[in-house]
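Heads up, the thing below is written out as structure tokens.
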Amino acid sequence: MNQSNNPSELWCWTAGQMAEGIRTREISAAAVLDSCLGRIEQVNPALNALVEVRRDEAVEAAREADAAVAAGVDLGPLHGVPVSTKVNTSQRGHAVTHGVTAFADLTAPGDAACIQGLREGGAVLVGRSNTPTFSLRWFTDNALHGRTLNPWDPSRTPGGSSGGAASAVAAGMVPLAHGNDIGGSVRYPAHSCGLVGIRPTVGMVSGWEPTGELEVDLPPTFQGWAVHGPLARTVEDARLALHSMTTPDLRDPFGVPLAPAPDQSQAPGRVLLVRDVGVAKPQPAVGWALDKAAARLSHAGYAVEELEDLPLLAEASRLWFLLLWEDVRATLQPMIEQFGDDGIKTSLAGMYSVSADMWGAAPGLDAYIRGWARRGTLIRKLQEMLADNTIILTPVSAEVPFEHDADLSGQERFDRIAAAQWPMTCVPVLGFPAISVPTGLQDGLPTGVQLIGGRFREEQLLTAAAAIEAETPQAMPHLT
């Protein structure tokens with residue numbers, strides 16, 4: 001790889017700049033796509049972020065986008081913008097592999113609702129991004145597609161499970177990527193690769209997918225906690241993508257019938273800074289990121305107040321290890337045992353060891369029911385806390401991006417990883433929106449923070465994230 005980051009190259013442009021340039025005919029969708037395809041050819045062989053690229057299909061979509069501009073039809077916010085999609089989500093005519101060798105030819109009969117939303121927003125779907133096996137690790141590697149590297153440091157994970165998406169965006173292959181999140185799978189890869197990643201409120205982006213021949217009754221946590229969201233290099237690009245992906249759809253058991261009204265309370269409010277909840281002490285680079293974010297929010301007019309602890313977040317994280325992994329044990333474990341590779345099986349054993357330390361080796365139905373009941377109380381308490389234009393500032397992880405396969409290097413290391421990810425695991429349990437936003441580099445590695453807001457207040461989080469971004473030096477990895 002020897003291509004430098006030249007701002008004049010179209011692949012360096014933001015999604016918003018691309019869409020505006022195509023709309024005004026300053027540039028063409030075909031030219032944008034050609035630039036991104038060139039970048040993919042240059043850097044993807046080493047990074048392995050996109051595991052499928054159908055050039056002819058993308059070229060035809062770009063041609064149609066330019067024809068629409070010439071015809072003067074109404075254009076979507078992402079018209080002509082190249083976007084990648086994740087291999088665990090249905091896209092018509094493409095395999096939904098989940099990183100599993102046995103699923104290599106499992107072709108989707110149609111688009112998931114969120115993918116259809118991207119199409120209707122004008123996006124040109126360029127490639128399919130890598131994920132860990134069954135999307136159940138914070139490390140992107142599998143027996144079918146192999147390992148994805150972090151463009152900032154090849155010895156570090158790009159995160160998971162949307163690690164391929166994050167690596168592709170950070171390296172300039174596409175300005176936007178689709179991802180999904182049940183335990184940090186959008187926010188952690190964004191953090192690891194220096195990007196913006198949004199986990200929206202449950203129900204805002206439809207989780208509906210066509211099932212075809214493989215219909216699976218998903219457990220409650222997968223139905224009610226997993227969400228789709230975008231990864232981007234800028235806050236504004238993330239906003240554009242989220243608006244296209246917002247798909248009110250009652251086929252989703254938790255879907256909302258209408259898109260939420262725009263949040264009008266854009267004035268800076270209160271920020272509660274939470275560094276640690278007694279689970280994992282943040283590393284120095286993580287503390288630096290929190291200090292930088294707090295200072296930037298304060299400069300923007302937010303009233304920043306540091307809390308010594310917020311026990312309900314620690315409690316929510318503990319519930320994640322009970323409710324999610326008991327659901328996996330009851331429904332998906334046989335499939336993982338049959339089709340999973342050694343990596344996911346070893347990682348899963350580590351996860352159950354952590355859960356056993358908290359809940360016992362066999363928690364039982366009583367603990368499971370009580371866990372769901374307690375979850376409702378925690379949601380009410382947090383919603384009350386966030387009602388008055390308040391957001392919470394936390395780490396994304398208590399550690400800098402993990403070394404590859406750290407979760408496979410023994411239970412002691414796995415325990416530290418699980419503890420470090422408390423900001424990732426507490427949010428899905430509660431169903432609130434959260435955004436990962438970069439704060440700059442430390443020792444060559446990206447740093448970032450997480451913002452948590454009230455339900456359906458994504459615009460509030462995006463505005464605060466923009467305040468952090470405004471004072472953060474912009475950088476892309478130079479791949480050589």
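Looking only at side-chain heavy atoms (C-beta outward), Ile198 and Val186 stay at 4.5 Å or farther from each other. Annotation: side chain of Asp415 is in contact with side chain of Val354 (closest heavy-atom distance under 4.5 Å). A heavy-atom distance below 4.5 Å is found between the side chains of Val96 and Arg128. Between Met18 and Pro175, the closest side-chain pair of non-hydrogen atoms falls below 4.5 Å. At a threshold of 4.5 Å between non-hydrogen side-chain atoms, the residues Pro282 and Asp276 count as touching. At least one side-chain heavy atom of Leu441 sits under 4.5 Å from a side-chain heavy atom of Trp152. Counting heavy atoms from C-beta outward, Leu297 and Ile468 have side chains that approach closer than 4.5 Å. With contacts defined as side-chain heavy-atom distances shorter than 4.5 Å, the pair Glu52/Val87 does not qualify.
Considering all non-hydrogen atoms of both residues, Pro395 and Val286 come closest at CB-CG1, 3.7 Å. A pairwise comparison of heavy atoms in Val169 and Leu176 identifies CG2-C, 3.8 Å as the closest pair. Here the shortest heavy-atom pairing between Ser244 and Thr247 reads O-CG2, 4.2 Å. Closest approach of Ser397 to Phe402, counting heavy atoms only: OG-CZ, 4.0 Å. Pro446 and Ser192 get closest at one heavy-atom pair: CG-O, 3.5 Å. Residues Leu118 and Ala241 come closest through the heavy atom pair CD2-O, 4.5 Å.
With respect to the salt-bridge test (charged N to carboxylate O, under 4.0 angstrom), the residues Glu399 and Arg413 qualify.
The salt bridge (Lys or Arg N to Asp or Glu O under 4.0 Å) pairs that include a residue from residues 351-366 are Asp366-Arg370, where partners are two or more places apart or lie in different chains. Listed by first then second residue, pairs satisfying salt bridge (Lys or Arg N to Asp or Glu O under 4.0 Å) with a partner in residues 197-207 read Asp181-Arg199, not counting sequence neighbours. For residues 439-453, no pair satisfies salt bridge (Lys or Arg N to Asp or Glu O under 4.0 Å), with sequence neighbours left out. Within the structure, side-chain hydrogen bond (donor to acceptor under 3.5 Å, both in side chains) pairs that include any residue of residues 277-294 comprise Arg275-Asp291 (at least two apart or interchain). Identified under the salt bridge (Lys or Arg N to Asp or Glu O under 4.0 Å) test for residues 375-396, with sequence neighbours left out: Arg380-Glu384.
Partners of Glu326 by salt bridge (Lys or Arg N to Asp or Glu O under 4.0 Å), not counting sequence neighbours, listed by chain and number: Arg329. Under the salt bridge (Lys or Arg N to Asp or Glu O under 4.0 Å) criterion, Arg137 pairs with Asp405, Asp407, not counting sequence neighbours. Every residue was checked against the ring pair (Phe, Tyr, Trp, His ring centres under 6.0 Å) condition with Trp208, not counting sequence neighbours, and none meets it. The ring pair (Phe, Tyr, Trp, His ring centres under 6.0 Å) test applied to Tyr302 returns no partner, not counting sequence neighbours. Scanning for salt bridge (Lys or Arg N to Asp or Glu O under 4.0 Å) contacts around Glu308 gives an empty result, with sequence neighbours left out. Qualifying side chain to side chain contact (heavy atoms under 4.5 Å, CB included) partners for Ala259, counting only residues two or more places apart in sequence or in other chains: Thr246, Pro248.
Aromatic ring orientation, Trp372 versus Trp225: tilted (interplanar angle from 30° to 60°). The aromatic rings of Phe103 and Phe339 sit tilted, their planes meeting at an angle between 30° and 60°. Between Tyr188 and His191, the ring planes lie tilted relative to each other; the angle falls in the 30° to 60° range.
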Sequence neighbours left out, cut at 3.5 Å: what donor-acceptor pairs do the side chains of residues 424-437 make with other protein atoms?
residue	atom	partner	partner atom	Å
Thr425	OG1	Ser317	OG	2.7
Thr425	OG1	Gln421	O	3.4
Thr425	OG1	Trp422	O	3.3
Ser436	OG	Arg187	O	3.4

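Heavy atoms from other residues, nucleotides or ligands lying under 6.0 Å from CD of Glu412 number 12 at most.
Between the side chains of His145 and Thr97, at least one donor N or O lies within less than 3.5 Å of an accepting N or O. Counted by atom type alone, Arg296 and Thr472 present one or more donor-acceptor pairs between their side chains at under 3.5 Å. Checked by atom type, the side-chain pair Thr85/Gln91 shows a donor-acceptor distance below 3.5 Å. With no hydrogens or angles considered, no side-chain donor-acceptor pair links Asn88 and Thr131 at under 3.5 Å. Using modelled atom types and a 3.5 Å distance limit, the side chains of Asn180 and Thr89 yield a donor-acceptor pair.
Between the side chain of Ser409 and the backbone N or O of Ala406 there is at least one donor-acceptor pair closer than 3.5 Å. Using a distance-only test at 3.5 Å, with no hydrogens or angles considered, no donor-acceptor pair links the side chain of Gln411 to the main chain of Ser353. Panel note: side chain His404, backbone Arg156; a donor-acceptor pair is recorded below 3.5 Å. The closest donor-acceptor contact from the side chain of Asn389 to the backbone of Ala267 lies under 3.5 Å. A distance-only check finds a donor-acceptor pair linking the side chain of Trp320 to the backbone of Ile182 [under 3.5 Å]. A donor-acceptor contact shorter than 3.5 Å is absent between the side chain of Asn142 and the backbone of Val100. In this structure, Trp138 contributes its side chain and Gly183 its backbone to a donor-acceptor pair below 3.5 Å. Within the 3.5 Å criterion, the main-chain N or O of Ala285 finds no donor-acceptor partner in the side chain of Gln442. No donor-acceptor pair under 3.5 Å is formed between the side chain of Asn130 and the backbone N or O of Val51. Counting only distance, with no hydrogens or angles, the side chain of Ser347 and the backbone of Gly343 share no donor-acceptor pair below 3.5 Å.
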Apply side chain to side chain contact (heavy atoms under 4.5 Å, CB included) to the pair Leu50 and Ser84, showing each step before the final yes or no. CA-CA 8 Å; Leu50 301 181; Ser84 70; 3.8 Å; yes

Working note: Ser129 + Met173, criterion side chain to side chain contact (heavy atoms under 4.5 Å, CB included); need CA distance, chi angles, decisive distance, verdict. CA-CA 11 Å; Ser129 64; Met173 300 184 215; over 6 Å; no

Starting from the C-alpha separation in whole Å, work towards a yes-or-no answer on side chain to side chain contact (heavy atoms under 4.5 Å, CB included) for Leu136 and Ile336. CA-CA 10 Å; Leu136 290 177; Ile336 294 171; 3.7 Å; yes

Is there a side chain to side chain contact (heavy atoms under 4.5 Å, CB included) between Leu332 and Phe222 once you walk through the steps? CA-CA 11 Å; Leu332 301 181; Phe222 280 72; 3.6 Å; yes

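The line from CG of Leu273 to CD1 of Ile392 is 10.5 Å long, rounded to the nearest 0.5 Å. Within the model, atoms CE of Met358 and CG of Leu322 stand 10.0 Å from one another, a figure rounded to the nearest 0.5 Å.
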